[in-house]
Amino acid sequence: MQVLLKSSETAVETRCSVCGQGFVMFWERQTRNERNEAMREIEATLRHHHHAGDGPHVHPVKGFLVPEWDGPIAFSGAAILGNAPVWAL
């Protein structure tokens, strides 16, 4: 299960609990329980970004995957199955 997140000021689906930065999300198909588990992991990842400092600048500018993946984002399940647009990659 992967989720592709991209910072956004429009169509915000979740926000960082530390700085309030908004993100749009592209999901692989999953059950409600899997989505709830993924949301906990997303929140932890966004908080972890703040170990590097304060403010929204600590989050990746380009899209990023939760959990992390070493391959190209465009080939991730979240990008393909979530129909992520080019601007999110």
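These numbers were taken from a predicted model, which means no experiment stands behind them.
- Within the 3.5 Å criterion, the main-chain N or O of Val24 finds no donor-acceptor partner in the side chain of Glu13.
- In this structure, the separation between OG on Ser17 and CD1 on Ile42 is 12.5 Å, given to the nearest 0.5 Å.
- The minimum heavy-atom distance between His50 and Cys16, with the atom names listed, is NE2-SG, 3.3 Å.
- Using a 4.5 Å cut-off between side-chain heavy atoms of Ile, Leu, Val, Met, Phe, Trp and Tyr, with links allowed through other members, Val12 and Met25 fall into different hydrophobic clusters.
- The CH2 atom of Trp27 sits 10.0 Å away from the CD atom of Glu34 when rounded to the nearest 0.5 Å.
- Although no hydrogens or angles enter the test, the distance criterion places no donor-acceptor pair under 3.5 Å between the side chain of Lys62 and the main chain of Lys6.
- For His57, the NE2 atom is densely surrounded, since the number of other residues' heavy atoms within 6.0 Å is greater than 12.
- The two residues Arg15 and Gly20 have their closest heavy-atom pair at NH1-O, 2.8 Å.
- Going from atom OG1 of Thr45 over to atom CG of Leu5 covers 8.5 Å, rounded to the nearest 0.5 Å.
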- request: Run the numbers on His49 and Phe64 for side-chain contact (heavy atoms from CB on, under 4.5 Å), then give the verdict.
  value: CA-CA 12 Å; His49 289 163; Phe64 62 98; 3.7 Å; yes
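- The hydrophobic clustering, which links ILVMFWY residues whose side-chain heavy atoms are closer than 4.5 Å, places Leu46 and Val58 apart.
- Rounded to the nearest 0.5 Å, atoms CD (Glu37) and CZ (Arg35) are 13.5 Å apart.
- With hydrogens and angles ignored, the 3.5 Å screen pairs no side-chain donor or acceptor of Ser8 with any backbone N or O of Ala11.
- Looking at Arg40 and Glu43, no side-chain N of the basic residue comes within less than 4.0 Å of a carboxylate O on the acidic one, giving no salt bridge.
- Side-chain rings of His59 and Phe23 approach one another, their centers coming within less than 6.0 Å.
- The two residues Cys19 and Pro56 have their closest heavy-atom pair at SG-CA, 3.7 Å.
- Annotation for Asp54: atom CG does not count as buried by contact number, only 12 or fewer foreign heavy atoms lying within 6.0 Å.
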